[in-house]
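Here is the structure we will look at, set down as structure tokens.
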Amino acid sequence: MSLAPVPDEAYAQIANETRGHYLVGMDPLEFLDNFLPWNENTPTHYQQQVVSETRENNLKSVPPVKGARHPERSMYKHYVDALDDWVNGIDNSQKLRFAHFKKPDVDCASLNVGVSTYWQSDFPSVPSKGSCAFSLQQTHEEFRVDHTYDAFSHVNDEKPNTENPNENATGDQDPSNSASAEDASQKSAKEANKPASSLDVVDKIAGDAETFNEDLGDVSEESAEHAPPKDSHHDHVNNELLKNKYPFMDVIGYWDSSISTSSANSTGNGAGNADKPANSLSVVNKKGDSESSEEGAKHAPSKDSQHELKEDAKQPTVVETADTSKQSASSRALVSEVEKDTQRAIRTRGQIAAYAGVAMSMSFRSHFFSLLILGEFARFIRWDRRGAVVSTRFNYVKRPSLIFGFYLRFGQLSLRQRGFDTNAVRVPSQTLPEDVASAFDNYYERSWHEGAKFSHHKDNLDGRPRRRAKESKFHRVTVNDSTINQTESFFVPAPVYRPSVINPFTRGSRRSLAYLDHPDKTERKMCFMKDSWQEDSARTAPEADIYRRLHEHGVPNIASMRLGDDVADMQTETQEWWGSLNHSGRFKRFGFGYMVCHRLVLNTVARDLSTFTWCKVLLSCLADVVDAAQAAFKAGILHRDISASNIMIVMDKETKEWRGVLIDWDMCLLLEKREKHLQKTGTWGFISARILQARSSEPVTHSLGDDMESIFWVLVYQVLRYTRHRDSPCQLYHKMDRLFNDSVTTENNEVIGGSVKRVTILDCSVGNVDKALGNFQVTDLVDVFTVICEQFQSRYPHGPRKGRMREFLKIQPTAATIPTVQVDWDSPDEKWFSTLLRRAAELMQPLGVTPTALESPSNDSKPPIDPTLWKRAKISRYPPDYFEMPWWKDKTKSTTANENSYSKIVTSSQMNHIDGLSASLRKRPLEVNNDDGRLTDGDAIDRAKRQRQR
């Protein structure tokens with residue numbers, strides 16, 4: 001079963017999210033000289049290859065004939081005939097193959113591009129039976145029948161020479177220019193200027209921390225683009241995109257980048273290389289083919305472009321009107337409407353952005369090249385995580401040497417110049433060492449990339465048959481740590497598709513298990529690798545350095561880092577051209593420097609928080625995270641991105657206890673650099689209501705108390721999604737949507753939210769948990785929510801009320817002598833929160849299980865006094881609280897949703913498999929009725945009854 005196809009509406013959303021990231025106007029010849037230069041060792045005879053007349057005629061025949069029945073199909077054929085098997089790679093001696101594949105990439109949500117290019121070794125032996133494979137693409141080309149579908153506009157674009165420039169190759173009028181469509185176009189443009197649409201709430205796959213944090217959904221203080229606004233235009237974008245098994249935070253990169261509404265000054269210098277002459281294009285020796293543009297090197301990047309980052313930002317895509325008042329005169333002069341807002345343009349821009357994002361994420365890359373073919377015209381595009389450089393539109397029928405020259409130059413580039421990370425080398429098929437394959441096979445396949453997660457089906461979570469490691473694609477990745485002068489190599493599974501990768505301008509975070517390739521067999525072990533694109537900032541530090549600082553200060557409940565550093569020569573270049581190319585002015589981060597790929601390896605291999613099994617374990621793990629965040633604050637570090645994906649569970653191999661660990665410190669803030677300004681940093685769904693409600697006119701500072709509230713929202717999310725309650729699937733969907741996607745756009749184009757969260761806290765504080773959150777089967781949760789919200793409400797405009805549950809839990813605020821004293825949420829010494837969570841865990845059923853998932857023979861939530869008698873509690877004896885609640889947006893989708901709902905309870909044997917321990921998977925799991933959550937297995941029912949009687 002393949003992943004759900006990307007719906008058409010998603011491309012409009014991607015076009016919206018990526019607005020402002022395009023630098024348009026580079027002359028195509030200059031584009032080649034800057035990004036595909038002739039290397040010194042490239043032989044002269046290679047550079048001067050002559051294009052046959054047949055190939056040239058095929059290229060000139062690409063523009064479709066007016067009235068053609070399948071115009072794009074004919075374009076593919078002529079383009080492939082013109083270029084296939086012509087270029088030889090100098091570094092690999094392989095032919096560069098071109099093809100249009102009728103079969104899409106089933107591993108990438110059935111995406112497909114017009115034409116893909118591959119080296120011969122990656123090309124299917126029978127092209128007609130092959131399929132598009134984004135992970136193997138060298139470049140790709142997307143086709144439109146004519147210029148009316150162009151996504152961009154520039155004053156230097158070559159114009160069509162036709163009697164009716166608004167008429168396309170099919171004879172249709174461009175709706176963007178027709179009177180009847182003018183209003184629609186204006187409406188489209190108006191909607192395009194809104195932030196991305198309301199994010200349809202769908203399921204969160206375990207460990208998709210790229211997803212929740214990045215990947216999905218990270219939110220940085222410098223840009224407000226990924227707040228999930230309420231925009232009806234894209235109301236159905238994600239319902240079909242991710243079906244029932246994907247993280248609601250991770251849809252098409254929605255929160256996979258930073259968020260903020262703060263303003264930043266943007267300056268840039270541009271004429272550093274203005275006098276540099278353009279190199280001649282020695283490609284063909286045919287008359288009239290070596291035309292050069294009058295623009296020459298007009299748009300060369302500034303040598304003094306700003307490299308130093310002024311702020312901490314993570315991939316903004318904010319949609320707002322350019323604030324030219326805060327830009328320099330030279331910057332304002334470059335601001336123009338280079339991104340067209342017609343319906344055709346929006347779809348084209350969204351589609352090419354999505355394809356580039358997937359191509360960069362499905363392999364280890366720093367940048368990617370693509371071409372946009374528009375009838376007789378074309379554009380070159382270079383993509384990286386910062387943005388995209390787009391050439392002016394040129395007529396390749398008149399100047400075919402530009403197209404042939406692009407691929408000829410591409411063939412003589414080095415692997416690194418083509419955008420590939422040379423530290424990641426593909427492992428040949430079927431050659432993975434046996435011990436490595438065995439180690440990965442001991443985990444569920446999805447655990448390789450997304451963190452351990454319960455699997456309730458004989459296959460994978462998406463229904464695909466489980467593949468053995470030997471049959472899967474792997475890379476051998478070398479990681480260097482310059483601080484400790486150590487280099488090690490690891491076997492990691494090839495990147496996999498996630499909805500967040502569709503947006504190319506994100507941090508592109510990637511997580512996976514990584515097996516240490518050490519010559520000493522006793523040292524070989526499973527580790528955990530993360531890489532992402534980060535900005536260097538004066539207010540933070542590389543994540544590897546943050547881990548070192550945390551370890552130096554003895555911060556508990558964090559992962560153990562093995563090594564980490566920036567990846568050499570893996571940084572963005574788009575920002576270099578910000579001071580010399582036209583842009584829409586909507587993205588103000590170009591002038592603040594580059595992004596760099598940062599890679600680290602952890603010794604800690606954790607599992608997803610949603611594998612808590614019993615609610616008391618969930619509370620205990622969150623208490624551990626409270627301790628970690630407070631200790632880090634004492635060490636001068638504020639996390640700022642606590643979310644469901646950044647809290648993991650680790651099992652102590654000796655004691656078998658489960659502990660919570662706080663990971664992903666790449667968006668943290670060094671307290672000595674903290675400033676008071678508007679910050680919306682983190683994953684939108686888990687940011688505190690106080691931060692979400694803040695406006696630029698009344699800025700607030702992200703505090704420790706805001707991180708404490710984020711932990712509360714993680715608790716809410718987990719129990720709504722993974723414990724039983726009375727909400728129907730549709731009720732649950734819309735409740736989660738309101739609570740975690742609450743946002744509006746103000747008259748000043750600021751994205752704010754948090755009102756639903758605030759009301760929820762106030763409702764729960766007076767005991768209305770059933771109304772605010774739900775009627776939970778684990779009734780002790782009602783008491784926990786009530787007591788916590790009684791204390792949180794002091795952060796909001798209503799006075800504190802007497803806590804009716806405080807006496808029951810016997811918890812008082814630190815140093816308090818009377819119940820009316822409020823918790824000091826911003827104090828790292830305040831232990832009320834962690835103490836309450838642990839006390840509640842001890843009081844919670846089943847008493848035969850400790851808060852750390854050990855068995856309690858004394859039935860009092862305490863383990864045996866003798867540690868040698870400690871052992872893990874078994875699900876077969878203590879039925880779990882864990883229950884994956886079904887949810888879907890539309891009642892008509894109930895059949896599909898039920899088909900994707902597997903058995904909800906697992907065996908202890910499967911739990912062992914989650915932790916990478918060899919275990920038999922033949923044991924039949926408990927069966928659960930998908931409609932009402934009742935146990936259907938007779939023995940299971942008896943066990944549950946006996947447990948309730950204890």
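These figures come from a predicted structure and were not determined experimentally.
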Return yes if some donor-acceptor pair links the side-chain N/O of [X] with the main-chain N/O of [Y] below 3.5 Å, else return no.
{"X": "Lys771", "Y": "Asp763", "answer": "no"}
{"X": "Ser688", "Y": "Asp706", "answer": "no"}
{"X": "Thr604", "Y": "Ser560", "answer": "yes"}
{"X": "Ser834", "Y": "Ala623", "answer": "no"}
{"X": "Asn775", "Y": "His725", "answer": "no"}
{"X": "Trp448", "Y": "Phe440", "answer": "yes"}
{"X": "Gln777", "Y": "Thr723", "answer": "no"}
{"X": "Ser620", "Y": "Val617", "answer": "no"}
{"X": "Asp441", "Y": "Ala469", "answer": "yes"}
{"X": "Asp624", "Y": "Asn557", "answer": "no"}

Take the angle between the ring planes of [X] and [Y] and call it parallel below 30°, perpendicular above 60°, tilted in between.
{"X": "Trp665", "Y": "His639", "value": "perpendicular"}
{"X": "Phe792", "Y": "Trp825", "value": "parallel"}
{"X": "Tyr722", "Y": "Phe612", "value": "perpendicular"}

Decide yes or no for [X] and [Y]: does some side-chain heavy atom of the first lie under 4.5 Å from some side-chain heavy atom of the second?
{"X": "Val719", "Y": "Leu618", "answer": "yes"}
{"X": "Cys730", "Y": "Trp888", "answer": "yes"}
{"X": "Phe528", "Y": "Leu513", "answer": "yes"}
{"X": "Phe785", "Y": "Phe712", "answer": "yes"}
{"X": "Tyr878", "Y": "Thr613", "answer": "no"}
{"X": "Pro857", "Y": "Pro864", "answer": "yes"}
{"X": "Val823", "Y": "Phe833", "answer": "no"}
{"X": "Gln731", "Y": "Arg726", "answer": "no"}

Heavy-atom pair of closest approach, residues [X] and [Y]:
{"X": "Leu662", "Y": "Ile642", "result": "CD1-CG1, 4.1 Å"}
{"X": "Ile663", "Y": "Ala559", "result": "CG2-CB, 4.2 Å"}
{"X": "Lys862", "Y": "Ser856", "result": "O-OG, 2.6 Å"}
{"X": "Lys616", "Y": "Ala841", "result": "CE-O, 3.0 Å"}
{"X": "Cys764", "Y": "Leu773", "result": "SG-CD1, 3.9 Å"}
{"X": "Lys656", "Y": "Lys653", "result": "NZ-O, 3.4 Å"}

Interatomic spacing from [atom1] in [X] to [atom2] in [Y] - rounded to 0.5 Å:
{"X": "His449", "Y": "Tyr497", "atom1": "NE2", "atom2": "OH", "answer": "15.0 Å"}
{"X": "Cys621", "Y": "Arg838", "atom1": "SG", "atom2": "CZ", "answer": "10.0 Å"}
{"X": "Asp860", "Y": "Leu847", "atom1": "CG", "atom2": "CG", "answer": "7.5 Å"}
{"X": "Ser710", "Y": "Ile687", "atom1": "OG", "atom2": "CD1", "answer": "7.0 Å"}
{"X": "Ile761", "Y": "Trp713", "atom1": "CD1", "atom2": "CH2", "answer": "4.5 Å"}
{"X": "Thr850", "Y": "Arg872", "atom1": "OG1", "atom2": "CZ", "answer": "11.5 Å"}

- Query: Under the side chain to side chain contact (heavy atoms under 4.5 Å, CB included) criterion, do Val605 and Tyr443 qualify, and how do the steps go?
  - Reply: CA-CA 11 Å; Val605 179; Tyr443 285 85; 3.7 Å; yes
- Pair Glu709 + Lys757, salt bridge at N-O below 4.0 Å: no
- Message: Strictly below 4.0 Å, N to O, side chains only: are Arg640 and Asp666 in salt-bridge contact?
- Response: no
- Message: Run the side chain to side chain contact (heavy atoms under 4.5 Å, CB included) test on Val626 and Met708 for me, step by step, so that the C-alpha distance in whole Å, both residues' side-chain angles and the decisive distance to 0.1 Å come before the verdict.
- Response: CA-CA 7 Å; Val626 171; Met708 296 297 103; 3.8 Å; yes
- Note on the structure: Of Ile788, Val787, Thr786, Val782, the one forming a side-chain contact (heavy atoms from CB on, under 4.5 Å) with Val784 is Ile788
- Task: Using the side chain to side chain contact (heavy atoms under 4.5 Å, CB included) rule, take Leu739 and Thr760 through it: C-alpha gap first, then chi angles, then the decisive distance, then the call.
- Result: CA-CA 8 Å; Leu739 187 58; Thr760 299; 3.6 Å; yes
- Query: Which is it for Leu732 and Arg721 under the side chain to side chain contact (heavy atoms under 4.5 Å, CB included) test, yes or no, and what are the steps along the way?
  - Reply: CA-CA 8 Å; Leu732 177 59; Arg721 283 297 295 117; 4.0 Å; yes
